[in-house]
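Below, chains carry the letters A, B, ... as their sequence lines are ordered, and counting in each starts from 1.
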2 protein chains.
Amino acid sequence: MRLNLNNDPDGGDGTARAHELLVAYLRRRGLRMTGEREALLRAAVLLQGGHFTLDELAREAMRLHAGASRPTVFRSLPLLVDAGILQPALVSGEARRYELALGRRHHDHLLCSRCGRIVEFRSEAIEKLQLGVASRHGFRLTSHVHELLGECAACRAAKRA
Amino acid sequence: MRLNLNNDPDGGDGTARAHELLVAYLRRRGLRMTGEREALLRAAVLLQGGHFTLDELAREAMRLHAGASRPTVFRSLPLLVDAGILQPALVSGEARRYELALGRRHHDHLLCSRCGRIVEFRSEAIEKLQLGVASRHGFRLTSHVHELLGECAACRAAKRA
DNA sequence: CTTCATGCAAAAGATTTGCAAGTTC
DNA sequence: GAACTTGCAAATCTTTTGCATGAAG
């Protein structure tokens, strides 16, 4: 399958930057840019703002690029993560969810266990305390998983009604 | 398979209390105490202090009670969790890990990504901040996942050597 | 005895892999 | 043209289920 790999497919939505990043990453590792990887990239950008599962990403990519197969998504997703374009966002719930990493500041998530709504949050104070906890135990902190589970305002209102 | 279900199998290690809890829970739901569930309970207590995967628990239970099958472990583990005897402890890493819940205070975990060492920690300050974050977003907090990933002191020393 | 639990084997999913054919550079 | 990718189908792995048999209460 042949695509315009040299034409910049950006619409001002950030695909350009993701594309550059991926190509650079692939080159560094002696790997190649392909139509399928391009589709995956565009799918991720389309789902931007969302927190999507591998399955959702695969569907979107297959829609964009008829023929992009599931095995290829399984093979390419780790590359996009490694390249710093995607990052794991949520581990709670049945399926792991990813989000665009691309230049986003670090944040953690609130998850409504009733309706699945996801809200991002950021707390300097918590980040600092985490560092303190880690160093108190002799750990050098490299990352963390922090997800707050509960019921969002809408669901609580619905329940009262 | 027949076991001394009425004899208290405790050795002062907490099995007695877990046993009571489980029997009470099962009775409430019209379910039955069996040798297999007993074995699962004892396995969990044997692995006490540890953070074990379903697989490790299954092996231990099968060792204790020849014949306890994997499907039964899959069927019973949720009961033990529901009864408040076990709780999920770690979601990072390849397999989810459980720990004895039994009367333990809430805590979170540090995980060394190099050697797998797990350290429990507790931070009132972080707990408070979490509540604040949640309420600021209209959430009623019901639980959370908080895992700090890094490198423990020993691994860092080993690397320098 | 009635109902629930179990083990086995089969089923269902999810993820991975071998390989021939097609693409990228 | 050489090396990397892909899709397909098959192979693995993990978890779940149907069902006949065995236990618990």
Side-chain angles (χ1 to χ4, degrees), chain A residues 1-7 9 19-20 22-41 43 52-59 61-83 88 91 93-98, chain B residues 1-7 9 19-20 22-41 43 52-59 61-83 88 91 93-98:
Chain A
M1 198 134 285
R2 178 173 306 277
L3 273 204
N4 280 347
L5 296 181
N6 295 317
N7 276 3
H19 189 273
E20 279 171 37
L22 184 54
V23 171
Y25 169 81
L26 292 173
R27 180 154 310 146
R28 246 179 292 136
R29 304 209 18 192
L31 305 179
R32 295 166 184 176
M33 185 45 136
T34 66
E36 288 76 4
R37 288 169 185 174
E38 181 71 40
L40 217 50
L41 210 56
F52 43 82
T53 62
L54 176 146
D55 200 70
E56 291 164 352
L57 184 64
R59 281 179 207 289
M62 293 164 89
R63 200 178 63 71
L64 289 176
H65 181 117
S69 71
R70 246 181 120 63
T72 291
V73 176
F74 274 98
R75 287 188 271 228
S76 301
L77 190 48
L79 296 179
L80 297 212
V81 171
D82 228 41
V91 296
E94 53 265 27
R96 175 169 315 202
R97 286 179 179 276
Y98 297 84
Chain B
M1 200 135 286
R2 179 172 305 278
L3 275 205
N4 280 346
L5 297 179
N6 296 317
N7 276 6
H19 189 275
E20 280 171 36
L22 182 54
V23 171
Y25 168 82
L26 292 173
R27 180 155 309 145
R28 248 179 290 135
R29 305 210 16 192
L31 305 178
R32 295 167 186 174
M33 186 44 136
T34 66
E36 287 78 4
R37 288 169 185 174
E38 182 72 39
L40 217 49
L41 210 56
F52 43 82
T53 62
L54 176 146
D55 199 69
E56 291 164 353
L57 184 64
R59 282 178 206 290
M62 292 164 89
R63 200 179 62 72
L64 287 176
H65 181 116
S69 70
R70 242 180 123 63
T72 292
V73 175
F74 274 97
R75 288 188 271 230
S76 301
L77 189 49
L79 296 179
L80 297 212
V81 171
D82 227 43
V91 297
E94 53 266 25
R96 176 168 313 203
R97 287 178 179 278
Y98 297 84

Checklist entry - Atom CG of B:Asp55 and atom CZ of B:Arg97: how far apart are they, to the nearest 0.5 Å? => result 10.0 Å
Checklist entry - Can any side-chain N or O of A:Thr72 pair as donor or acceptor with the backbone N or O of A:Ala68 at less than 3.5 Å? => result no
Checklist entry - Do the side chain of B:Arg37 and the main chain of B:Arg32 share a donor and acceptor less than 3.5 angstrom apart? => result yes
Checklist entry - Atom CD of B:Glu38 and atom C1' of D:dA23: how far apart are they, to the nearest Å? => result 15 Å
Checklist entry - Once you round it to whole Å, what is the distance between C1' of C:dT3 and CE of B:Met33? => result 18 Å
Checklist outcome for this item: Between CG of A:Asp55 and P of C:dA14 the distance, given in whole Å, is 8 Å
Item to check | Euclidean distance, atom CG of residue A:Leu26 to atom C1' of D:dA3 [Å, nearest integer] | outcome: 14 Å
Checklist outcome for this item: A:Leu77 CG to C:dT16 C1', in whole Å, measures 14 Å
Checklist outcome for this item: B:Arg37 CZ to D:dG22 P, in whole Å, measures 19 Å
Next on the checklist: If the helix axis at each end comes from five base pairs, how far does the helix from C:dC1-D:dG25 to C:dC25-D:dG1 deviate from straight, to 10°?
Outcome noted: 40°
Checklist entry - Which nucleotides of nucleotides 12-19 of chain D have their base under 4.0 Å from a protein heavy atom (B), which only their sugar-phosphate (S), and which neither (-), written as one string 5' to 3'? => result ---SBBB-
Checklist entry - To the nearest angstrom, how far is A:Arg27 atom CZ from C:dT24 atom P? => result 15 Å
Checklist entry - Which nucleotide, D:dG7, D:dC4, C:dT6, lies nearest any side-chain atom of B:Glu36? => result C:dT6
Checklist entry - Tell me: CZ of A:Arg32 to P of D:dC4, nearest whole Å? => result 6 Å
